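Have a look at the structure below before the remarks.
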Protein chains: 2
Amino acid sequence: MKEQHSPNLSTDVFSVLKERIIRWEYAPGHRFTEEGLCEEFGVSRSPVREALRMLVENKLVDKTPHKGYSVKQLDMQEIHELYDVRLALETFVIERLTQSEYPEEDWQELYHTWQDLQKTSITNSSDFAKLDEDFHERLARWTGNRTLLDQIRSIDERLHFIRVTDITSTERLRETCEQHLRILDCIRERNVDCAREALQLNIEEGRKNVEHAIKEALARAYMGSKAGA
Amino acid sequence: MKEQHSPNLSTDVFSVLKERIIRWEYAPGHRFTEEGLCEEFGVSRSPVREALRMLVENKLVDKTPHKGYSVKQLDMQEIHELYDVRLALETFVIERLTQSEYPEEDWQELYHTWQDLQKTSITNSSDFAKLDEDFHERLARWTGNRTLLDQIRSIDERLHFIRVTDITSTERLRETCEQHLRILDCIRERNVDCAREALQLNIEEGRKNVEHAIKEALARAYMGSKAGA
DNA sequence: TGCGTCCATATTGTATACAATTTTGTATAC
DNA sequence: GTATACAAAATTGTATACAATATGGACGCA
């Protein structure tokens, strides 16, 4: 069951649970207890507790004392908040990049990875989200601000959980790649306003699609609960 | 020793340790072990471990397996990164506030708290930092974005640890209050550019002072290590 | 003196037993 | 039939014992 042997069991349990949650193998709201996970993983409560604490920190799991843990429910309000924070952080990235000096190679490198990404074949929405996240994280890393990068990654992780419900079409993919290229071009031309606008378009497009996907997911869940009752 | 009885020991230990670190009762680099803290607090390793994990998450403590834990060292790079993130997030706050509708009372309320704060007598740099943080956190709360507020609070906590080394003068205090008022005025006048500029001035002023304070602290630490050797 | 090896020790990682607390089910009185 | 009190079960909170592992120093050897 272990994929890669890691230095401790806590991170093993954490990784597996996180992966399952992100892949929707546990539905939002799904409840589990420390004891139950112990039996499932064949480890004691100590590492399980640590893993759960990490998941709670990552906002993927809610904890209610003496009742148990549960996979975070979809919450439109929170999703919008996350998109706003993402917008705030990435706008700063863009502004910083258009205004600071950097060697031509840096731009070239990012451009080449963009080319590679464009060639990548996308089969599901998780891969598509990964592609988009990867591009934005590369931009952030380019600023050299590690803290900023970490924050963006953290946001991305929480949103990825949502984004896998998004629909994927070759049309969407092509559009997104074009938006990424436009951002890169604006940076090269050192046009702040233009770059900011391009970024905003890209992010808002994502927000809109996710919003749509969530509403459908919630509708399905509602129908499911009616059928089940 | 317990100030307020809390539902569990982990948060007790966490709060006390955090407070001590922020107050510089433990110097940066100070090392402690799980066992040692158990004896000091008279509790077992379970709650101590949880408390330490939380401190590591909050970036106030570093952990090195099989060597122990240590209070985070001052790191100029990281401080600059934090200030940049703070700038990114708060710029968004300002933009959002100047551009969205809100009832007049909201502005009045913030203005009144500003008046109260101005009257507050400041005796040390920690109180001064608290005052400044409080203002900025109120601005963030005003946007209604809970996630954004949490992020800013987290940043503030990490910086507070640094800011307590800052010097405090009545001059600085007056200046800061004026900057705060200017931000408020610009928001009321819905002048985005002006508000952004005012915010930037306020934050960069803080950054500059902290930078100065840190350099002195590092110099002192260096002299101390020489004297000790 | 310098370097490498080995072992004792310190420290965290894990398992398990017990305590405290909340929830939930049930019986009883009204 | 409903509400209340009480008991039992489920669940997390805490303590402790044991295992694994890296560190640092001592010792031997060149």
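Lettering follows sequence order; numbering is per chain, from 1. All values reported here derive from a predicted model rather than from experimental measurement.
Between A:R207 and A:E211, none of the side-chain N atoms (NZ, or NE/NH1/NH2) sits under 4.0 Å from a carboxylate O, so this pair counts as no salt bridge. Looking at A:R96 and A:E101, no side-chain N of the basic residue comes within less than 4.0 Å of a carboxylate O on the acidic one, giving no salt bridge.
Between B:K63 and C:dG13, a side-chain N or O to OP1/OP2 separation shorter than 4.0 Å is present. Between B:T33 and C:dA10, a side-chain N or O to OP1/OP2 separation shorter than 4.0 Å is absent. OP1 or OP2 of C:dG13 sits under 4.0 Å from a side-chain N or O of B:R49. In this structure, A:K67 does not reach the C:dT21 phosphate: none of its side-chain N or O atoms is under 4.0 Å from OP1 or OP2. Phosphate contact (OP1/OP2 of D:dG13, side-chain N/O of B:S10, threshold under 4.0 Å): absent.
Less than 6.0 angstrom separates the ring centroid of A:F32 from the ring centroid of A:Y26.
As rounded to whole Å, 14 Å separates atom P of D:dG13 from atom CD of A:E50. Per the geometry, CZ belonging to A:R53 stands 16 Å off C1' belonging to D:dT11, to the nearest Å. As a whole-Å value, the separation of B:Y69 OH from C:dT11 C1' is 9 Å. Distance CD (B:E35) to C1' (C:dA10): 10 Å, rounded to an integer number of Å. At whole-Å resolution of the value, CG in A:L9 and P in D:dA19 are 16 Å apart. Between the C1' atom of D:dA10 and the CZ atom of A:F32 lies a distance of 17 Å, rounded to the nearest Å. Look at CZ on A:R45: it is 14 Å from P on C:dA19, rounded to the nearest Å. Remark: P of D:dT12 and CG of B:N8 are 14 Å apart, rounded to the nearest angstrom.
In this structure, C:dC30 and D:dG1 make a Watson-Crick or G-U wobble pair, each of the two defining distances being under 3.5 angstrom. Pairing for C:dT21 goes to D:dA10, judged as Watson-Crick or G-U wobble with the two contacts each under 3.5 Å.
A:F41 has its side chain out of reach of A:D12: every pair of non-hydrogen atoms, C-beta onward, lies at least 4.5 Å apart.
When the nearest nucleotides of DNA chain D are assigned to A:L52 and B:S44 by heavy-atom distance, the more 5′-ward of the two goes with A:L52. Nearest-nucleotide positions on DNA chain C for A:P65 and A:V43 put A:V43 closer to the 5' end.
More than 12 heavy atoms of other residues, nucleotides or ligands lie within 6.0 Å of CD in B:Q115, so this atom counts as buried by the packing criterion.
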